[in-house]
Amino acid sequence: MDRIKNIYISALALLAFGVAACTEVEPIEMQVNGAEKDYSAVKAFKSSEHPVSLVWMDTWSADGNMSSYLSALPDSLDIVAVGKGYEELTVAQQTDLDMVRKTKGTAVVVTADYDALLASYQEAMTQAEMDGEDNAYEAAEQENPEGTPSQEEIDAAVALEQGKVQEEYAALIAELQEKTVALMGKSLYDGILFRAGGAGDEWFSAKLSAAIDAFSAFDGLFIFEGAADYFSASFAKFDYIVSTSVSQDRIAAYQEDYSRLAGYDGFAPEKYLAYISLDDSDYMTPYPDVISSKPLVDPKYKTLAQWTPSDGAATGGLAVRLTSSEASDGYPVLRKTIQYLQLK
């Protein structure tokens, strides 16, 4: 009897399995709409008078990685400077750009990187000098195997080679300027960040001055990033100045930097954005020169966000660099930094 019962139960189980296996389950289409966030308060805040926050975004691609989206940055961020991928936009990038500019009211500026051009130009000029000297000696040896060129002949050969370099870089500089001007004409972005870690020789410096004049003619944000002292004659043309040559090891270095730049015509406290990089863990440690009766515990990003120069003037705000491969690692600190900045 038990044997017959077990056979009967097994048969039922097989029948149930067969029915389940032959039954197609139709997928149900579901659309879940999240509650739409109201950004009106955020946009109103950005229109008010407050310390400005700027961050660099060199990894913008909107390709699925959270750290590649502008919209993943804090809502209260004022300005994003994009360094790459801003010329030909994908559909995802355009959507991301519209989100931060139109919905959140965040300004997005493009980077005109003359720093990279200057570094390669100086390298090329050094090589041209060596090539010119070699050419002068080769020419002298062809006339007389034991002959040597005069200094005038060497100088002429070097000038010839360096002239070729300047001709090449004149085209590259013009290309960068034309490309940036064309982007401003499309009204996709809110301004230009001009990056220059130095002025170079007299020839290159003149090219940079011409570019500054051209960019300053646009009705949009114009921000300087780099070694500010070299461009003090153009301070009046910039909306903000980010002096990246400042030492980040001491809080007193910012006072020294600010005081020195304040001595130039065209400088104003509201133009000055104090600079800090979140590229390594050093920003988590206190400044060693902070004068306090209590143990130093506040991290650098907090102290700098709340820093005010000795003249009591309100500075423009803070510029924060995120340059790690996973920029999202620094997002929590970036949010805290902006919060401390707004508590000044």
Side-chain angles (χ1 to χ4, degrees), residues 33-48 50 52-114 116 175-195 214-225 238-240 242 273 278 317-332 334-335 337-338:
N33 293 319
E36 198 169 310
K37 189 172 180 179
D38 184 6
Y39 288 98
S40 58
V42 174
K43 294 181 73 173
F45 167 74
K46 291 179 183 180
S47 299
S48 66
H50 65 281
V52 168
S53 54
L54 177 149
V55 70
W56 286 266
M57 182 85 167
D58 290 333
T59 56
W60 183 41
S61 57
D63 60 1
N65 188 324
M66 185 61 71
S67 63
S68 70
Y69 286 85
L70 300 175
S71 52
L73 292 165
D75 296 344
S76 56
L77 183 66
D78 293 286
I79 306 169
V80 185
V82 290
K84 300 174 186 175
Y86 55 76
E87 295 174 49
E88 298 295 331
L89 302 184
T90 64
V91 174
Q93 281 180 300
Q94 186 63 64
T95 302
D96 191 36
L97 183 62
D98 290 343
M99 173 63 178
V100 294
R101 290 186 70 226
K102 298 176 182 179
T103 305
K104 295 184 178 182
T106 304
V108 180
V109 299
V110 299
T111 302
D113 191 355
Y114 286 90
E175 181 185 357
L176 176 56
Q177 183 173 321
E178 289 167 8
K179 178 181 69 176
T180 307
V181 167
L183 281 172
M184 292 301 102
K186 294 180 181 179
S187 300
L188 286 173
Y189 302 101
D190 301 287
I192 301 167
L193 182 137
F194 183 93
R195 176 181 292 159
F215 293 153
S216 64
F218 284 94
D219 184 19
L221 288 171
F222 193 27
I223 303 168
F224 176 82
E225 173 210 336
F238 293 106
D239 295 296
Y240 296 108
V242 184
L273 300 184
L278 305 185
L318 192 65
V320 184
R321 188 181 297 281
L322 293 170
T323 54
S324 61
S325 58
E326 287 294 330
S328 57
D329 294 345
Y331 284 3
L334 176 61
R335 289 188 177 89
T337 303
I338 296 174

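What you are looking at is a predicted structure, and each value in this text was computed from that prediction instead of being measured. Scope of the values below: all heavy atoms of this structure, side chains included, with no hydrogens, waters or symmetry mates.
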Do the side chain of [X] and the main chain of [Y] share a donor and acceptor less than 3.5 angstrom apart?
{"X": "Asp190", "Y": "Val108", "value": "yes"}
{"X": "Lys104", "Y": "Ser71", "value": "yes"}
{"X": "Tyr240", "Y": "Phe224", "value": "no"}
{"X": "Tyr189", "Y": "Tyr86", "value": "yes"}
{"X": "Ser61", "Y": "Ser68", "value": "no"}
{"X": "Thr111", "Y": "Val82", "value": "yes"}
{"X": "Gln93", "Y": "Gly85", "value": "yes"}

Distance check, rounded to the nearest 0.5 Å: [X] atom [atom1] versus [Y] atom [atom2]?
{"X": "Thr106", "Y": "Leu70", "atom1": "OG1", "atom2": "CG", "value": "9.0 Å"}
{"X": "Met99", "Y": "Thr95", "atom1": "CE", "atom2": "OG1", "value": "11.0 Å"}
{"X": "Thr90", "Y": "Glu88", "atom1": "OG1", "atom2": "CD", "value": "11.0 Å"}
{"X": "Arg335", "Y": "Asp75", "atom1": "CZ", "atom2": "CG", "value": "8.0 Å"}
{"X": "Leu54", "Y": "Leu221", "atom1": "CG", "atom2": "CG", "value": "9.0 Å"}
{"X": "Tyr114", "Y": "Arg195", "atom1": "OH", "atom2": "CZ", "value": "13.0 Å"}

Exercise for the section: State which residues pass side-chain hydrogen bond (donor to acceptor under 3.5 Å, both in side chains) with Gln94; sequence neighbours excluded, sorted by chain then number. Expected result: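 In terms of side-chain hydrogen bond (donor to acceptor under 3.5 Å, both in side chains), with neighbours along the sequence ignored, Gln94 is linked to Asp98.
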Handout entry: Side chains of Leu334 and Leu322 in contact at under 4.5 Å (non-hydrogen atoms)
Key =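 Counting from C-beta outward, Leu334 and Leu322 do come under 4.5 Å.
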Problem - Name of the residue among Val55, Ile338, Val100 meeting side chain to side chain contact (heavy atoms under 4.5 Å, CB included) with Leu73 - result: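 Output: one option passes, namely Val55.
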Practice task
Indicate yes or no: does Asp78 engage Lys46 in a salt bridge with an N to O separation below 4.0 Å.
Solution key: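 Salt bridge flag = no for Lys46 with Asp78.
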Compare every heavy atom of [Y] with every heavy atom of [X], then report the nearest pair and how far apart it is.
{"X": "Trp56", "Y": "Leu193", "answer": "NE1-CD1, 3.8 Å"}
{"X": "Ala62", "Y": "Ala92", "answer": "O-CB, 3.5 Å"}
{"X": "Met184", "Y": "Gly191", "answer": "CE-O, 3.5 Å"}
{"X": "Leu188", "Y": "Leu97", "answer": "O-CD2, 3.7 Å"}
{"X": "Val242", "Y": "Ala319", "answer": "CG1-CB, 3.8 Å"}
{"X": "Ser76", "Y": "Ser53", "answer": "O-OG, 3.9 Å"}

Practice task
Please check if atom NZ in Lys102 has more than 12 non-hydrogen atoms from other residues, nucleotides or ligands closer than 6.0 Å.
Solution key: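 Counting neighbours around NZ of Lys102, 12 or fewer heavy atoms of other residues, nucleotides or ligands fall under 6.0 Å, so no.
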Practice task
For Phe222, check ring pair (Phe, Tyr, Trp, His ring centres under 6.0 Å) against everything at least two apart and list the hits.
Solution key: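 Result, ring pair (Phe, Tyr, Trp, His ring centres under 6.0 Å) vs Phe222: Phe238.
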